[in-house]
Amino acid sequence: MDIQILILGGGPSGLSTALHLIKINPLLAPRILILEKENYPRFKLCAGGLVIDAEVILERLGLDVREVPHVDAPNIRFDFAGKGLNVRVPKRHAIRVIRRNEFDHWLAKKTREAGIEIREGVTVKKVIPDQNGVTVQTDQGEFRAEIVVGADGSNGVTRRSIFPNEPVYTARVLEVITPNYPKQEPTRNDIAFFDFFPVPNNIAGYTWDFPTQVNGEPMRCWGIYDTNLLADFNRPALKEPLAEEMKRHGFDLSEYEIKGHPIRWYSPWNKASVPRVLLVGDAVGADPIFGEGISMALGYGVLAATEIAESYQRGEFSFDRYKRRLVRSGLGQTLFVRWLITQIIYTLKWRWFQILLWRILKPIVLFVAWVFILNWSKRMPLRN
Ligand SMILES: Cc1cc2nc3c(=O)[nH]c(=O)nc-3n(C[C@H](O)[C@H](O)[C@H](O)COP(=O)(O)OP(=O)(O)OC[C@H]3O[C@@H](n4cnc5c(N)ncnc54)[C@H](O)[C@@H]3O)c2cc1C
């Protein structure tokens with residue numbers, strides 16, 4: 001069998017898995033193949049907000065994300081109906097925003113420079129594991145590998161092939177790109193806003209409004225996220241509250257192109273592997289509170305690489321320790337806490353509770369965010 005490790009999907013989770021594998025054992029590079037259905041630089045719907053943990057994991061790989069075009073927001077606001085909590089991080093930006101076509105292309109280039117082959121324009125159709133290996137059917141023929149990493153995102157074929165009947169928790173998300181704020185409102189341009197005003201209307205999520213850039217031009221990225229936790233109640237279509245929020249700030253949603261994509265989110269019951277196949281990134285689950293998944297995708301790569309390397313040492317590929325490894329890691333801990341917080345803040349949907357949370361309990365919210373939501377990458381393996 002020529003290919004030892006076949007990685008399906010060349011987004012941040014697949015590329016991170018490959019880069020961490022060769023960090024553990026550089027001799028593996030010629031034995032890894034990544035299949036990606038698109039051609040870089042490919043479009044990926046995403047607001048591109050990078051939190052500190054994404055930067056930490058990339059730094060440990062010796063990568064400097066400042067090489068990618070980006071906008072830094074010094075402030076983040078967590079609001080309910082326009083008023084709430086301002087977050088600044090001492091001596092650094094609060095959030096860095098990239099565009100995914102540029103970020104993923106850059107990470108793919110770094111992966112190739114490290115000696116790993118990425119085959120673009122190959123769409124995986126089915127993944128069939130057996131006792132001795134895995135057969136992967138694609139539109140370019142069949143591949144056979146010792147093990148497979150399913151890094152093909154929220155709608156991935158790998159997960160659907162190995163867990164055809166599992167329940168899937170997905171959020172619905174819409175995104176719109178607009179020009180920057182006009183000159184009379186320049187202060188908003190530096191801030192990344194989250195507003196939870198749609199929660200009492202049974203949208204278990206928030207609207208966002210981030211600074212970004214497209215081809216070097218300063219722009220805003222707007223969107224709305226709904227975990228679907230309140231899907232049993234009457235709720236407005238997602239477009240209405242997004243249009244309302246944009247109108248409050250002088251933008252007319254109907255003038256812009258709206259794009260949508262689901263995000264599969266983490267629940268403690270999500271499965272992550274079968275013998276010879278393990279899942280990473282959105283294929284297992286992103287953060288349910290915000291739908292934040294880039295840092296998580298990079299973190300899943302660390303854990304998958306460690307699991308694979310140890311499996312080779314043991315000479316068995318059941319991957320039955322992978323979920324335990326995830327649950328015990330900094331990533332698993334933050335995902336669990338975020339899942340728990342999601343169940344609380346979105347199901348207690350009353351206006352008074354949301355006001356209490358975002359406007360009055362500031363010190364508690366900041367403490368929980370700093371200790372349980374961010375900084376999990378410091379509790380991950382492969383630190384140096
Ligand atoms: C609207 C929106 C806004 C978001 N905003 C943010 C944000 O601001 N910050 C943040 O951290 N996260 C955000 N996310 C989440 C983030 O985009 C994902 O969590 C992240 O992309 C997951 O990475 P991944 O590598 O697991 O999957 P993906 O990035 O989806 O990569 C999967 C890759 O697999 C390829 N692929 C898929 N199917 C096949 C196939 N059959 N054969 C071969 N290749 C295949 C795809 O082309 C893709 O390159 C947002 C998501 C959405 C939808």
Q: Identify the two heavy atoms, one from Val284 and one from Leu279, that lie closest to each other, and give their separation to 0.1 Å.
A: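 That closest heavy-atom pairing would be CG2-O, 3.3 Å.
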
Q: Charged N to carboxylate O under 4.0 angstrom, Glu244 versus Lys247?
A: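 No, Glu244 and Lys247 are not salt-bridged.
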
Q: Tell me yes or no: between the side chains of Gln140 and Thr138, is some donor less than 3.5 Å from an acceptor?
A: no

Q: Is it the case that more than 12 heavy atoms not belonging to Arg314 sit under 6.0 Å from its CZ atom?
A: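 Above 12, so yes.
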
Q: Output every pair passing salt bridge (Lys or Arg N to Asp or Glu O under 4.0 Å) with a member in residues 339-363, not counting sequence neighbours, ordered by first then second residue.
A: none

Q: Within a 6.0 Å radius of atom CG on Asn234, are there more than 12 heavy atoms belonging to other residues, nucleotides or ligands?
A: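 Counting other residues, nucleotides and ligands, CG of Asn234 stays at 12 neighbours or fewer.
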
Q: Name the one of Ile98, Leu58, Leu50 that satisfies side-chain contact (heavy atoms from CB on, under 4.5 Å) with Val68?
A: Ile98

Q: Which residue pairs pass the side chain to side chain donor-acceptor pair (under 3.5 Å) test with at least one member in residues 9-19, sequence neighbours excluded?
A: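 Passing the test, one end in residues 9-19: Ser16-His20.
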
Q: Working note: Thr135 + Arg144, criterion side-chain hydrogen bond (donor to acceptor under 3.5 Å, both in side chains); need CA distance, chi angles, decisive distance, verdict.
A: CA-CA 5 Å; Thr135 302; Arg144 182 88 181 144; 2.9 Å; yes

Q: Is the closest side-chain donor-acceptor distance between Trp350 and Gln354 under 3.5 Å?
A: no

Q: Could you list all the salt bridge (Lys or Arg N to Asp or Glu O under 4.0 Å) pairs where at least one residue sits in residues 78-88, not counting sequence neighbours?
A: Arg77-Asp79

Q: By the salt bridge (Lys or Arg N to Asp or Glu O under 4.0 Å) test, which pairs, at least two apart or in different chains, include something from residues 32-41?
A: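 Qualifying pairs, neighbours excluded: none.
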
Q: What residue pairs, at least two apart or across chains, pass salt bridge (Lys or Arg N to Asp or Glu O under 4.0 Å) with a residue in residues 40-52?
A: Arg42-Asp104

Q: Apply side-chain contact (heavy atoms from CB on, under 4.5 Å) to residues Leu19 and Lys23 and explain how you reach the verdict.
A: CA-CA 6 Å; Leu19 288 165; Lys23 185 176 173 173; over 6 Å; no

Q: With clusters defined by side-chain heavy atoms of hydrophobic residues (ILVMFWY) lying less than 4.5 Å apart, directly or transitively, does Val65 cluster with Val97?
A: no

Q: Between Glu166 and Arg159, does any NZ, NE, NH1 or NH2 come within less than 4.0 Å of an OD or OE carboxylate oxygen?
A: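 No, no charged N to carboxylate O under 4.0 Å.
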
Q: Looking at Phe319, I'd like to know if the NZ or CZ of Arg325 sits under 6.0 Å from its six-membered ring centre while staying within 45 degrees of the ring's axis.
A: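 The answer is no, since Arg325 fails at least one limit relative to Phe319.
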
Q: Can a donor-acceptor pair be found between the side chains of Thr207 and Asp195 at a distance below 3.5 Å?
A: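 Thr207 vs Asp195: no donor-acceptor pair found between side chains.
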
Q: Determine, for Glu55 against Arg66, whether the closest basic-nitrogen to carboxylate-oxygen distance falls under 4.0 angstrom.
A: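 Answer for the salt bridge query: no.
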
Q: Which donor-acceptor pairs under 3.5 Å do the side chains of residues 254-264 make with protein atoms, sequence neighbours left out?
A:
| residue | atom | partner | partner atom | Å |
| --- | --- | --- | --- | --- |
| Ser254 | OG | Asp252 | OD1 | 2.8 |
| Ser254 | OG | Asp252 | OD2 | 3.3 |
| Arg264 | NE | Ala283 | O | 3.0 |

Q: Checking Leu63 against Trp106 for the side-chain contact (heavy atoms from CB on, under 4.5 Å) test, could you report, in this order, the C-alpha distance in whole Å, the side-chain angles of both residues, the deciding distance, and whether it holds?
A: CA-CA 10 Å; Leu63 301 177; Trp106 166 80; 3.8 Å; yes

Q: Quick one: side chain to side chain donor-acceptor pair (under 3.5 Å) pairs with a partner in residues 365-375, sequence neighbours left out?
A: Asn375-Lys378

Q: Between Pro129 and Ile162, which heavy-atom pair has the shortest distance, and what is it?
A: CG-CG2, 4.2 Å

Q: Have a look at Trp222 and tell me which of Phe251, Phe194, Trp208 forms a ring pair (Phe, Tyr, Trp, His ring centres under 6.0 Å) with it.
A: Phe251

Q: Within the side chain of Thr334, is there an N or O that forms a donor-acceptor pair under 3.5 Å with the backbone of Gly330?
A: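 Side chain of Thr334 to backbone of Gly330, a donor-acceptor pair under 3.5 Å: no, none is there.
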
Q: Would you please name every residue forming a side-chain hydrogen bond (donor to acceptor under 3.5 Å, both in side chains) with Asn86, sequence neighbours left out?
A: Asn75

Q: Between the side chains of Asn228 and Arg235, is a donor N or O closer than 3.5 angstrom to an acceptor N or O?
A: yes

Q: Going through the distances and angles, do Phe78 and Tyr206 end up as a ring pair (Phe, Tyr, Trp, His ring centres under 6.0 Å)?
A: CA-CA 10 Å; Phe78 295 98; Tyr206 61 90; 8.6 Å; no

Q: Hey, what else clusters with Phe193 if you join Ile, Leu, Val, Met, Phe, Trp, Tyr whenever side-chain heavy atoms sit under 4.5 Å?
A: Ile191

Q: Quick check against the 3.5 Å criterion: does Asp282 have a side-chain atom that pairs as donor or acceptor with the backbone of Gly285?
A: no

Q: Output the distance between atom OH (Tyr300) and atom OG (Ser329), rounded to the nearest 0.5 Å.
A: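 Rounded to the nearest 0.5 Å, the OH-OG separation comes to 8.5 Å.
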
Q: Scan for side chain to side chain donor-acceptor pair (under 3.5 Å) pairs involving residues 116-126, sequence neighbours excluded, and state none if there are none.
A: Arg112-Glu120, Glu117-Arg119

Q: Side chains of Ser377 and Asp53: is there a donor and an acceptor less than 3.5 Å apart?
A: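 Ser377 vs Asp53: donor-acceptor pair found between side chains.
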
Q: Just checking Phe367: does its CZ atom have more than 12 heavy atoms from other residues, nucleotides or ligands closer to it than 6.0 angstrom?
A: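 Incorrect, the count does not exceed 12.
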
Q: State whether a side-chain donor-acceptor pair under 3.5 Å links Arg99 with Gln213.
A: no

Q: Quick check: does any side chain N or O of Asp152 sit under 3.5 Å from a backbone N or O of Thr158, one acting as donor and the other as acceptor?
A: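 Such a contact is found between Asp152 side chain and Thr158 backbone.
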
Q: Backbone N or O of Ala54 within a donor-acceptor pair of the Ser295 side chain at under 3.5 Å?
A: no

Q: Share the residues that join Ile128 in a hydrophobic cluster, the rule being Ile, Leu, Val, Met, Phe, Trp or Tyr side chains under 4.5 Å apart at the heavy-atom level.
A: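 Result for Ile128 is none, singleton.
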
Q: Run the side chain to side chain contact (heavy atoms under 4.5 Å, CB included) test against Ala369 and tell me which residues pass, sequence neighbours left out.
A: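 For Ala369, no residue satisfies side chain to side chain contact (heavy atoms under 4.5 Å, CB included) once neighbours in sequence are set aside.
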
Q: For the backbone of Gly293 and the side chain of Asp287, can you confirm whether one donor and one acceptor N or O come within less than 3.5 Å of each other?
A: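 Side chain of Asp287 to backbone of Gly293, a donor-acceptor pair under 3.5 Å: no, none is there.
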
Q: Show your reasoning for whether side-chain contact (heavy atoms from CB on, under 4.5 Å) applies to Ile5 and Arg31.
A: CA-CA 6 Å; Ile5 303 164; Arg31 296 304 179 105; 5.8 Å; no

Q: Between the side chains of Asp209 and Tyr181, is a donor N or O closer than 3.5 angstrom to an acceptor N or O?
A: yes

Q: Check Glu67 with Lys109, please: is the shortest side-chain N to carboxylate O separation under 4.0 Å?
A: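 Salt bridge flag = no for Glu67 with Lys109.
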
Q: Start with the C-alpha distance between Ile203 and Leu238, add both sets of side-chain angles, then the distance that settles side-chain contact (heavy atoms from CB on, under 4.5 Å), and finish with yes or no.
A: CA-CA 8 Å; Ile203 289 178; Leu238 280 189; 3.9 Å; yes

Q: For a ring pair (Phe, Tyr, Trp, His ring centres under 6.0 Å) with Tyr169, tell me which candidate from Trp265, Tyr266, Trp269, Trp339 qualifies.
A: Trp265

Q: Which residue, Trp358, Tyr225, Phe80, forms the ring pair (Phe, Tyr, Trp, His ring centres under 6.0 Å) with Phe196?
A: Trp358

Q: Indicate yes or no for a side-chain donor-acceptor contact from Gln333 to the backbone of Arg328 under 3.5 Å, with no hydrogens or angles considered.
A: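 Yes: the side chain of Gln333 pairs with the backbone of Arg328.
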
Q: Taking the side chain from Asp226 and the backbone from Ala204, do they hold a donor-acceptor pair closer than 3.5 Å?
A: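 Yes; judged by distance alone, with no hydrogens or angles, the pair exists.
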
Q: Can we say Arg276 and Glu146 salt-bridge, meaning some charged N sits less than 4.0 Å from an Asp/Glu carboxylate O?
A: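 Result for this pair is no, no salt bridge flagged.
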
Q: Is there a side-chain contact between Thr111 and Ile34, using heavy atoms and a 4.5 Å cut-off?
A: yes

